[in-house]
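Data block below; observations after.
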Amino acid sequence: MHILVIGNMGYVGPVVCRHLRNQFPDAHISGYDTALFADHLTCEGPVPEIVLNEQHFGDVRRFSPSVLNGVDAVIYLAAISNDPMGQKFGKVTDEVNTTVAFCIVSESA
């Protein structure tokens with residue numbers, strides 16, 4: 001099984017990836033993220049992405065469908081996730097949280 005976690009380096013992503021690795025130890029788990037907060041990690045020990053088989057970097061608004069090759073399941077966690085940011089950057093928030101998510105999940109089906 002190949003699982004793609006989009007937004008794996010955010011607030012929830014590392015926990016989801018560790019859970020997936022524990023539940024599916026033989027799965028191929030890939031991440032896709034901008035790494036916007038990569039220099040602000042607060043965890044102790046190894047970086048959370050160590051449980052992944054591969055990490056892709058990019059903006060979901062310019063997502064390449066080739067990343068979906070061989071993927072069996074997509075978990076979409078990418079988001080602009082707080083009200084002040086959503087209000088200030090409404091167009092980007094809508095693109096990331098709704099439009100792109102729908103397109104990627106639809107394409108993977």
Side-chain angles (χ1 to χ4, degrees):
M1 175 178 7
H2 185 171
I3 304 167
L4 173 63
V5 181
I6 299 175
N8 67 290
M9 297 175 80
Y11 186 70
V12 176
V15 175
V16 170
C17 290
R18 279 193 305 273
H19 177 75
L20 289 170
R21 179 56 67 210
N22 288 334
Q23 294 299 307
F24 307 103
D26 297 327
H28 184 98
I29 304 174
S30 301
Y32 186 94
D33 204 287
T34 61
L36 184 63
F37 299 108
D39 61 340
H40 300 312
L41 292 175
T42 59
C43 63
E44 293 183 22
V47 294
E49 290 70 35
I50 198 151
V51 302
L52 301 176
N53 295 93
E54 65 183 332
Q55 177 70 53
H56 302 276
F57 296 100
D59 185 322
V60 294
R61 294 170 295 159
R62 291 180 285 287
F63 185 84
S64 171
S66 66
V67 175
L68 296 172
N69 290 343
V71 170
D72 299 301
V74 174
I75 299 172
Y76 191 91
L77 302 175
I80 309 298
S81 60
N82 65 53
D83 291 340
M85 292 296 288
Q87 290 171 358
K88 186 170 183 172
F89 304 101
K91 182 176 185 273
V92 172
T93 300
D94 185 52
E95 289 172 353
V96 171
N97 295 11
T98 307
T99 308
V100 173
F102 178 76
C103 291
I104 291 172
V105 173
S106 294
E107 190 163 322
S108 68

Check: Where is the tightest heavy-atom contact between D33 and N8, given as atom of each residue plus distance?
Finding: OD2-N, 3.3 Å
Item checked: Heavy-atom closest pair, residues G13 and L77 -> CA-CD1, 3.7 Å
Next item on the list: Verify side chain to side chain contact (heavy atoms under 4.5 Å, CB included) between N53 and H2, making sure each step is shown before the conclusion.
Entry: CA-CA 10 Å; N53 295 93; H2 185 171; over 6 Å; no
Margin query: With heavy-atom distances below 4.5 Å as the criterion, would you say the side chains of N22 and H19 are in contact?
Written below: no
Note to self: Measuring from atom CG of L52 to atom CZ of R21, what distance do you get when rounded to the nearest 0.5 angstrom?
What the structure shows: 7.5 Å
Note to self: Rounded at 0.5 Å granularity, tell me how far CD1 in I75 sits from CD1 in I29.
What the structure shows: 8.0 Å
Checklist line | Least distance between heavy atoms, V67 atom then H56 atom | finding: CG1-CD2, 4.0 Å
Check: Which heavy-atom pair separates S30 from E54 by the least distance, and what is that distance?
Finding: OG-OE2, 2.8 Å
Margin query: Minimum heavy-atom separation for Y32 and Q55, please, with both atom names.
Written below: N-NE2, 3.6 Å
Margin query: Please report the interatomic distance CG(N69) to OG(S64), rounded to the nearest 0.5 Å.
Written below: 8.0 Å
Notebook entry, point to check: Considering residues, nucleotides and ligands other than F57, do more than 12 of their heavy atoms fall under 6.0 Å from its CZ?
Noted result: yes
